[in-house]
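Below, each value reflects all heavy atoms present in this structure, side chains not excepted, and no hydrogens, waters or symmetry copies. Read the numbers this way: they start at 1 and go in the same order the structure lists the ligands and their atoms.
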Amino acid sequence: MTFSVHGLAVARGIAIGRAVLVASSRVDVAHYFVEPSQVEGEIERVRQGRNAVVEELQRLQTDMPADAPHELTALLDVHLMLLQDEALTGGVKHWITERLYNAEWALTTQLEVIARQFDEMEDEYLRERKADLEQVVERILRHMKGVASPVAPPASSPRRKTQQDLLLDDTVDVPLVLVAHDLSPADMLQFKQSVFAGFVTDVGGKTSHTAIVARSMDIPAVVGARAASQLVRQDDWVIIDGDAGVVIVDPSPIILAEYGFRQRQVELERERLARLRHTPAITIDGHKIELLANIEQPGDAAAAVRAGAVGVGLFRSEFLFMGKSGNLPGEDEQYRAYCEAIDGMQGLPVTIRTIDVGADKPLDNKAHKDNYLNPALGLRAIRWSLADPAMFRTQLRAVLRAAAHGKVNLLFPMLAHTHEIQQTLAQVDLARAELDARGEPYGPVQLGAMIEVPAAALMVRTFLKYFDFLSIGTNDLIQYTLAIDRADEAVAHLYDPLHPAVLRLVGDVIAEGERQGKSVCVCGETAGDVTMTRLLLGLGLRSFSMHPAQILAIKQEVLRADTRKLAPWAQQVIGGEEPATLLAS
Ligand code: PEP
Ligand code: MG
């Protein structure tokens, strides 16, 4: 029966496919398709992993002292029984043979199927066996890590399918959409390489970093869909409407046809916009607007160039540090990554932001679950860097060295105090001195500060004394001005880029930058939001940094804009009590 789940629209477009349910603790397995000729090999890998666990448990049983608690021996029996259960082995075979999933993916998929059955059991004892099953599967996965796959995961996803392509039968070639309770930004990075055509998560806000990465992947996504991962079953047909923030489960043929039509419209719109790629972004009254790209990984530079970006306005370098279980990348590794991004941009400037971890961007998944007191207000971004100067200078040296290879700007997140500015600049000087002492070459960099905290916006003049340029991080500026956790879907309705207080801060920073002849960019999500472009242009903004996928749509707005008309209107909007209504007019 068709039903829908509502959430927050975070990445545009329509995806239609079968649901793959993933539990966040188990997402660090690769997801890719194997060739039919590799099916036997994959089944064999699972068999070997399972046999190794059986042997391990049997050894434990044999070595068990005679006075061991009865519960322990009973538990081992249960685990052994689960391992032999046809529901697990037969199911895994099904996913590999019928769907051509790789072994790990098949195993975690079947785990979800059985776990759901356990959840529905009346008997509490049986319900609790779900945890045992999870442990057993995790043991198998650990063993399988030692048995390399004969198949390398493909580097890219299969092409986007339209409804015409879809067959309502069990062919392996149907698109898949991922449904999870929660995904960390690091999980999302994993999925960047994978096969999914869309995402749905139960939790998350519009500008949570999970949503940001989904947007950067340019595939439809809905977050904050509350109970979606409970309501959707493995393999259900699902439509993700990334524009409306709606997930339709088990759609009827009529609904499917309607969304198939809309999917084709989106494709046509993309093709139409693609023609603007080489058109300079100039307003009707002749203002040249800089459209830059936000990237998370060096490899994203290619998409930025393809979209016609004139540089990278925000390289979120923290993504180089994530998912490494706390083993931070060293100077050379970072240097290579920055050089890769610089090379990828083919001579265009790259603005590298120093590491911004903390809040909803933990270094690894474990930290995500830890009890922070108040992560968004805690040791994140520049505070984290200044608390560990050796780590900070390692990054600074890597960036300065990379600057010898191309035009690099260095950007610092979340500064609020003058003493933080001074300490940060002192660290840059020290990093240069360290490179001098080593005789290592390095290049010149422009230094910039992010305006993300109301305190920074209010003391913009001080910031401009110290820095060559500013970049307004509206995602955080909204969060901190309105006291709304950007990752919390419960308060997402109060997260308002058009709140007069936010607009006044943004407007004042742009105006002061203009007065002093220094560049001010907006690199938060509002820069890529077509409904905000006219207002930002009217406020005097001339530099926008966004996901590559948004650049052409924003360029279209720029080409239609006349700042002579927009400027007085923007002042009226910003001075009003209800900017949202004025904006609509
Ligand atoms: C912002 O806060 O607007 C920003 C661009 O930084 P991030 O989203 O990475 O916090
Ligand atoms: Mg920020």
Side-chain angles (χ1 to χ4, degrees), residues 10-11 184-186 188-189 204-216 223 291-297 300 304 309 312-322 350-363 375-385 409-416 420 448-457 463 469-488 492 495-499 502-503 505-506 509-510 520-529 532 536 541 543-548 550 554:
V10 294
S184 71
M188 290 298 282
L189 276 195
K206 266 191 177 205
T207 59
S208 63
H209 283 90
T210 301
I212 287 175
V213 181
R215 256 195 297 279
S216 78
V223 302
L291 300 183
L292 301 159
N294 291 355
I295 64 170
E296 277 91 41
Q297 290 173 309
D300 297 340
V312 167
L314 174 66
F315 178 175
R316 289 184 162 98
S317 70
E318 55 275 11
F319 283 87
L320 301 176
F321 292 67
M322 284 181 199
V350 177
T351 300
I352 301 171
R353 176 177 71 184
T354 60
I355 184 167
D356 178 3
V357 288
D360 70 328
K361 263 185 300 193
L363 276 182
L377 302 183
L379 197 67
R380 76 167 273 212
I382 197 70
R383 303 169 183 181
W384 200 79
S385 294
N409 305 314
L410 189 48
L411 182 62
F412 301 101
M414 224 184 144
L415 288 160
E420 282 175 331
M450 290 196 73
I451 303 294
E452 306 194 271
V453 193
F463 273 66
F469 70 97
L470 300 178
S471 193
I472 308 177
T474 43
N475 304 338
D476 278 316
L477 189 59
I478 298 166
Q479 153 162 280
Y480 295 125
T481 305
L482 302 180
I484 302 292
D485 187 332
R486 61 193 265 192
D488 184 351
Y495 185 93
D496 182 10
L498 291 170
H499 190 291
V502 174
L503 290 182
L505 291 175
V506 171
V509 171
I510 296 171
V520 175
C521 179
V522 167
C523 63
E525 297 300 293
T526 53
D529 177 350
M532 295 292 292
L536 290 172
L541 190 72
S543 176
F544 296 65
S545 193
M546 68 205 83
H547 301 290
Q550 278 306 104
I554 298 293

### Query
Can you list the steps and then say if R316 with D356 is a salt bridge (charged side-chain N to carboxylate O under 4.0 Å, His left out)?
CA-CA 8 Å; R316 289 184 162 98; D356 178 3; over 6 Å; no
Exercise for review: Start with the C-alpha distance between E525 and T207, add both sets of side-chain angles, then the distance that settles side-chain hydrogen bond (donor to acceptor under 3.5 Å, both in side chains), and finish with yes or no.
Suggested key: CA-CA 7 Å; E525 297 300 293; T207 59; over 6 Å; no
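Coordination check, E452 versus the Mg ion (ligand 2): passed, since an N/O/S atom of the residue sits under 2.8 Å.
For ligand 1 and R380, the ligand atoms under 4.0 Å from any heavy atom of the residue are 10 (O). The contact set between ligand 1 and C523, taken as ligand atoms under 4.0 Å from a residue heavy atom, comprises 5 (C). Numbered from 1 in the order shown, with element, the atoms of ligand 1 that lie under 4.0 Å from a heavy atom of L314 read 5 (C). Close contacts between ligand 1 and D356 involve ligand atoms 10 (O) [criterion: under 4.0 Å to a heavy atom]. Within ligand 1, counting atoms from 1 as listed, the ones closer than 4.0 Å to a heavy atom of D476 are 1 (C), 2 (O), 3 (O), 10 (O). Of all the atoms in ligand 1, the ones that sit under 4.0 Å from a non-hydrogen atom of G473 are 1 (C), 2 (O), 3 (O).
Closest protein heavy atom to atom 7 (P) of ligand 1: H209 NE2, 3.3 Å. Nearest protein neighbour of atom 6 (O) of ligand 1, counting heavy atoms only, is R353 NH1, 2.9 Å.
Residue-ligand proximity: K361 is placed with a non-hydrogen atom under 4.0 Å from ligand 1. Within the structure, the closest approach of M450 to ligand 1 falls below 4.0 Å when heavy atoms are considered. Using a 4.0 Å cutoff on heavy atoms, E296 does not count as a contact of ligand 1.
Judged purely by atom type and a 3.5 angstrom limit, Q479 uses its side chain to pair as donor or acceptor with the backbone of R486. Checked by atom type and distance alone, the side chain of Y495 never pairs as donor or acceptor with a backbone atom of A487 at under 3.5 Å.
Considering backbone and side-chain N/O atoms, E318 never comes within less than 3.5 Å of an N/O atom of ligand 1.
Of all the heavy atoms in T481 and P454, the pair that sits closest is OG1-CG, 3.4 Å. Shortest non-hydrogen contact noted between F463 and A456 is CZ-CB, 3.6 Å. The minimum heavy-atom distance between I554 and L291, with the atom names listed, is CG2-CD2, 4.0 Å.
Neither the backbone nor the side chain of E525 comes within contact range of ligand 1; no heavy atom lies under 4.0 Å.
A salt bridge does not link D529 with K206: every distance from a Lys NZ or Arg NE/NH1/NH2 to an Asp or Glu carboxylate oxygen is 4.0 Å or more.
A side chain to side chain contact (heavy atoms under 4.5 Å, CB included) with R353 is found for one member of I382, N294, L411 and no other, namely L411.
D476 contributes OD2 as its N, O or S atom closest to the Mg ion (ligand 2).
Counting only heavy atoms from C-beta outward, the side chains of F315 and I295 approach each other to under 4.5 Å.
Taking only non-hydrogen atoms, the option from M414, R316, R486, M546 nearest to atom 9 (O) of ligand 1 is R316.
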